[in-house]
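Okay, so here's the structure we're looking at.
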Amino acid sequence: MFVRAYLRASTKDQNASRAREELESFAAERGMKIAAYYTENESGASLRRPELFRLLGDCQDGDVLLVEQVDRLSRLNGKDWDKLKSEIMSRHVKVVALDLPTSWSLLTTNEDSIQSRMLDAINAMMLDMLAAIARKDYEDRRRRQAQGIAQAKERGVYKGRPEDKERNAAIADMLGKGQSWNSIIAATGCSRSTLSRIAKRVG
């Protein structure tokens, strides 16, 4: 059995590796070592997460997918959560989350015992519940954000996200030197729409 840790943050500005030390301590306390880390900055509300699916592809029967919190694994809607859960189950991967104590026993119980089967059922139910709560939290925050923006626009004070002037100046310099769009995007992490806007600005 290999323990594989999944670390995720929603944006490139956030530190996806923040929980690494906590996961290491959790595994060490149970006499285990994390075999590999899979880290990415992607939305938990999307299934487009290359590192998560690379982790699942590397797993063998009985391996552990270790996360800090269930919402690091999923903020998916019901349909997409069912797809991800089916993928996890088809590979016989055990999901262990620090915020889901019922999952901790999956590291130590005998897989063939009645107790193990009961704990699997309880853990699956709790995992579904926390995934649903994570999705609701995501939708609530999106709704509040949209309401705040709408109110700010009504008052005429909405300015949107502040421009990253230093990054955009570097992008303009790269464009001036004739670098390709793909290389600029790879180097800076900017979107194609941002690059298009800067290219029009610099002529």
Side-chain angles (χ1 to χ4, degrees), residues 1-12 14-139 186 189:
M1 178 179 70
F2 288 99
V3 179
R4 303 178 187 275
Y6 178 64
L7 300 157
R8 182 191 67 78
S10 298
T11 69
K12 295 186 183 299
Q14 297 173 327
N15 181 11
S17 297
R18 172 189 53 77
R20 180 167 178 152
E21 186 175 337
E22 190 174 1
L23 294 178
E24 285 178 349
S25 297
F26 176 85
E29 286 169 4
R30 288 153 181 81
M32 295 185 171
K33 186 175 181 180
I34 296 174
Y37 290 88
Y38 302 76
T39 306
E40 62 187 347
N41 291 76
E42 299 288 350
S43 171
S46 171
L47 278 176
R48 293 189 296 273
R49 280 183 275 161
E51 283 300 288
L52 174 58
F53 284 93
R54 185 169 74 87
L55 182 158
L56 293 174
D58 289 344
C59 280
Q60 300 176 16
D61 283 8
D63 281 358
V64 170
L65 191 173
L66 180 64
V67 291
E68 177 198 13
Q69 296 178 321
V70 173
D71 66 7
R72 298 302 86 197
L73 180 63
S74 173
R75 289 187 181 274
L76 299 165
N77 60 39
K79 183 179 179 180
D80 285 344
W81 168 240
D82 285 342
K83 288 180 182 178
L84 177 58
K85 188 170 60 172
S86 294
E87 182 72 15
I88 292 169
M89 292 176 65
S90 70
R91 297 179 182 276
H92 302 103
V93 175
K94 302 175 181 179
V95 176
V96 176
L98 272 58
D99 67 338
L100 183 56
T102 58
S103 68
W104 300 355
S105 59
L106 297 178
L107 294 169
T108 56
T109 54
N110 182 344
E111 292 185 18
D112 295 327
S113 68
I114 293 176
Q115 180 190 19
S116 175
R117 291 168 60 189
M118 291 176 64
L119 286 171
D120 280 347
I122 293 170
N123 188 57
M125 179 183 67
M126 295 297 293
L127 192 59
D128 277 342
M129 184 181 72
L130 288 182
I133 290 172
R135 178 65 185 189
K136 183 178 185 302
D137 176 68
Y138 169 81
E139 291 176 344

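- Residues D137 and R75 are in side-chain contact: their nearest non-hydrogen atoms beyond the backbone lie under 4.5 Å apart.
- The 12-atom threshold is exceeded at CZ of F53, counting heavy atoms of other residues, nucleotides or ligands nearer than 6.0 Å.
- Annotation for A16 and L7: closest pair O-CB, 3.2 Å, computed over non-hydrogen atoms.
- For Q14 (side chain) and T11 (main-chain N/O), a donor-acceptor pair under 3.5 Å exists by modelled atom type.
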message: With side-chain contact (heavy atoms from CB on, under 4.5 Å) as the criterion, how do L73 and L52 come out once you've worked through the C-alpha distance, each side chain's angles and the decisive distance to 0.1 Å?
response: CA-CA 8 Å; L73 180 63; L52 174 58; 3.9 Å; yes
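- One finds the CD atom of E87 at 10.0 Å from the SG atom of C59 (value rounded to the nearest 0.5 Å).
- Evaluation of the side-chain contact (heavy atoms from CB on, under 4.5 Å) rule for M126 yields L100, T102, I122, M129 as partners, not counting sequence neighbours.
- With sequence neighbours excluded, no residue forms a salt bridge (charged side-chain N to carboxylate O under 4.0 Å, His left out) with E40.
- Applying the salt bridge (charged side-chain N to carboxylate O under 4.0 Å, His left out) test to every pair with at least one member in residues 121-131, sequence neighbours left out, gives these pairs: K85-D128.
- One finds the OG atom of S103 at 10.5 Å from the CG atom of L119 (value rounded to the nearest 0.5 Å).
- Shown here are the side-chain contact (heavy atoms from CB on, under 4.5 Å) partners of K83, two or more places apart in sequence or in another chain: L47, K79, D80.
- Listed by chain and residue number, nothing satisfies the salt bridge (charged side-chain N to carboxylate O under 4.0 Å, His left out) test with E42 (two or more places apart in sequence, or in another chain).
- Between K94 and D120, none of the side-chain N atoms (NZ, or NE/NH1/NH2) sits under 4.0 Å from a carboxylate O, so this pair counts as no salt bridge.
- The OG atom of S43 sits 9.0 Å away from atom CZ of R48, with the distance rounded to the nearest 0.5 Å.
- Taking both residues in full, the closest heavy atoms of R49 and R72 are given as NH1-O, 3.6 Å, listed atom of the first, atom of the second, then distance.
- Counting only N and O atoms by type, the side chains of R54 and Y38 include no donor and acceptor under 3.5 Å apart.
- Side-chain contact check for V96 versus N123: every heavy-atom pair is 4.5 Å or farther apart.
- In this structure, OG in S74 is found 12.0 Å from CD1 in I133, a value given to the nearest 0.5 Å.
- L66 has its side chain within reach of L98: a pair of non-hydrogen atoms, C-beta onward, lies under 4.5 Å apart.
- Closest non-hydrogen pair, L130 versus D99, comes out as CD1-O, 4.0 Å.
- Of all the heavy atoms in I88 and V95, the pair that sits closest is CG2-CG2, 3.9 Å.
- At least one side-chain heavy atom of N77 sits under 4.5 Å from a side-chain heavy atom of R135.
- The minimum heavy-atom distance linking D63 with D58 is given by the pair OD2-O, 4.4 Å.
- Among all heavy-atom pairs drawn from G44 and R8, the shortest one is N-NH1, 3.0 Å.
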- prompt: Does the pair M1 and V64 meet the rule for a side-chain contact (heavy atoms from CB on, under 4.5 Å), with working shown?
  reply: CA-CA 7 Å; M1 178 179 70; V64 170; 3.6 Å; yes
Donor-acceptor pairs under 3.5 Å, side chain of residues 26-34 to any protein atom, not counting sequence neighbours: which ones?
{"unit_1": "R30", "atom_1": "NH1", "unit_2": "F26", "atom_2": "O", "d": "3.0"}

